[in-house]
Structures are given as structure tokens and as C-alpha cells.
Amino acid sequence: MDDTCIFCSIDRETLAENELAFAILDRFPAATGHSLVIPRRHVLTMDELTGEEALALFALIRQVKTLLRERFGPDGFNIGINEGEAAGQTVMHLHIHIIPRTRGDVENPRGGIRKVLPCRRRYRHGEGPA
Ligand code: 5GP
Ligand code: ZN
């Protein structure tokens, strides 16, 4: 527990939860239904998770995907972790983003999360935006 941490002290209205992890809707969603799956214990990186916590997080990801499919009927998901400031992490308590995606929500979705580095997002020579 870290008193200064949003995810340790958040007043949770959980989407789903288990003994070791909980899931909430992102307050500033990148897409409708954008959710965060979060270990209850304050850790910064995946490396600090116990095996049990890792399994609990994975189980919850699957549960949240099912829920989001029922509620929003997305066509796909981006699932990912920003680990470390250099990778864009802003809340220093590990969390897994689940971002529902809909066909046509961007012009060319090919490549998905690899596009976090815009200068290297070309999927294959001659394909997609530079
Ligand atoms: P990061 O940038 O660390 O990978 O992601 C932090 C995420 O937490 C962001 O998507 C941001 O919108 C979300 N967030 C920040 N503050 C709050 C909050 O108070 N409540 C919720 N539900 N999400 C938050
Ligand atoms: Zn925390």
C-alpha cells in the first residue's frame, strides 16, 4: 500500500474483481469501455508479481473481455502495459490496459500497439503509414 498512489487508494467501483486483482473503467478512456486490470498489491512492474498474482490478473483480463463484449460488442481489443516512464507509464502501480476496438475506429489499424513508436510503425515495407 502506497498512500500517494491513485490505484492503492481509489474509491473503486469495480467491473470485476478477485482476491488478488480488480478491474475498473479508465477515467480518461482512449475508447468506450477502456478498462484497467490492476493487482491489489502495489507493484511497479510485472517482474514483481507472484505467480498467483499473474494468474489472477490473467483470469481477470479474460473476465473483463467477456464483460466488455457483452456491453459494447467490440470487434477486437488492444491489451497492453506501459512499463516505466520511458514507455509512457504515468501511474506507477502496475496496470493492464484493455482497449476495445471497433472496425473503422481508425483508418488503418494494422500493426496495433506496435505503432506506439510512430517513426517505426510501418508494418512491412511498402505497407501502412510511414
Ligand atoms: P498509464 O499511462 O500509467 O499506462 O495509465 C494510467 C491510466 O490511468 C490512464 O489511462 C488514465 O486515464 C487512468 N487514470 C488516471 N487516473 C485515474 C483515476 O483516478 N481513475 C481511473 N479509473 N483511471 C485513472
Ligand atoms: Zn499503488
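Values below: all heavy atoms of this structure, side chains included; hydrogens, waters and symmetry mates excluded. Just follow the structure's listing: the first ligand is 1, and inside any ligand the first atom is 1.
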Within the 4.0 Å heavy-atom shell around Asn82, which atoms of ligand 1 are there? 1 (P), 2 (O), 4 (O)
Counting from 1, what ligand 1 atoms have a heavy atom of Gln89 closer than 4.0 Å? 3 (O)
Contact region, Leu25 to ligand 1, non-hydrogen atoms below 4.0 Å, reads backbone
Walk me through it: do His97 and His95 pass the test ring-ring contact (aromatic ring centres under 6.0 Å, His included)? CA-CA 6 Å; His97 293 261; His95 49 282; 5.1 Å; yes
Side chains of Ser35 and Leu68 in contact at under 4.5 Å (non-hydrogen atoms): yes
Looking only at distance, does Arg27 have an N or O less than 3.5 Å from an N or O of ligand 1? yes
Tell me which protein heavy atom sits closest to atom 10 (O) of ligand 1, plus the residue, atom name and distance to 0.1 Å. Asp26 OD2, 2.4 Å
Side chains of Gln63 and Leu15 in contact at under 4.5 Å (non-hydrogen atoms): no
Please report whether ligand 1 has a polar contact with His95, defined as an N or O pair separated by less than 3.5 Å (distance criterion only). yes
Side chains of Ile96 and Leu57, heavy atoms from C-beta outward: is any pair under 4.5 Å? yes
Can you list the atoms of ligand 1 that are under 4.0 Å from a heavy atom of Gly88? 2 (O)
Pro74 versus Arg101: any side-chain heavy-atom pair under 4.5 Å? no
Which residue holds the protein heavy atom closest to atom 16 (N) of ligand 1, what is that atom called, and what is the gap in Å? Ile6 CD1, 3.8 Å
Going through the distances and angles, do Arg41 and Thr50 end up as a side chain to side chain contact (heavy atoms under 4.5 Å, CB included)? CA-CA 10 Å; Arg41 194 164 63 88; Thr50 64; 4.2 Å; yes
Ile24 N/O under 3.5 Å from ligand 1 N/O: no
Is it the side chain (CB and beyond), the backbone, both or neither of Thr90 that lies under 4.0 Å from ligand 1, heavy atoms counted? both
Side-chain donor or acceptor of Asp26 paired with backbone N/O of His34 under 3.5 Å: no
For His93, the N, O or S atom at the shortest distance from the Zn ion (ligand 2) is ND1
Need one value: angle at the Zn ion (ligand 2), Cys5 atom SG versus Cys8 atom SG, rounded to 10 degrees. 120°
Please could you name the atoms of ligand 1 that Phe7 approaches to less than 4.0 Å, counting only its heavy atoms? 8 (O)
Side chain of Lys65, backbone of Ile98: donor and acceptor closer than 3.5 Å? no
Is Arg40 paired with Glu17 through a side-chain N to carboxylate O contact shorter than 4.0 Å? yes
Do the non-hydrogen side-chain atoms of His93 and Asp2 ever get within less than 4.5 Å of each other? no
Suppose we only allow N, O or S atoms; which atom of His42 ends up nearest to the Zn ion (ligand 2)? ND1
May I ask whether His97 has any heavy atom positioned less than 4.0 angstrom from an atom of ligand 1? yes
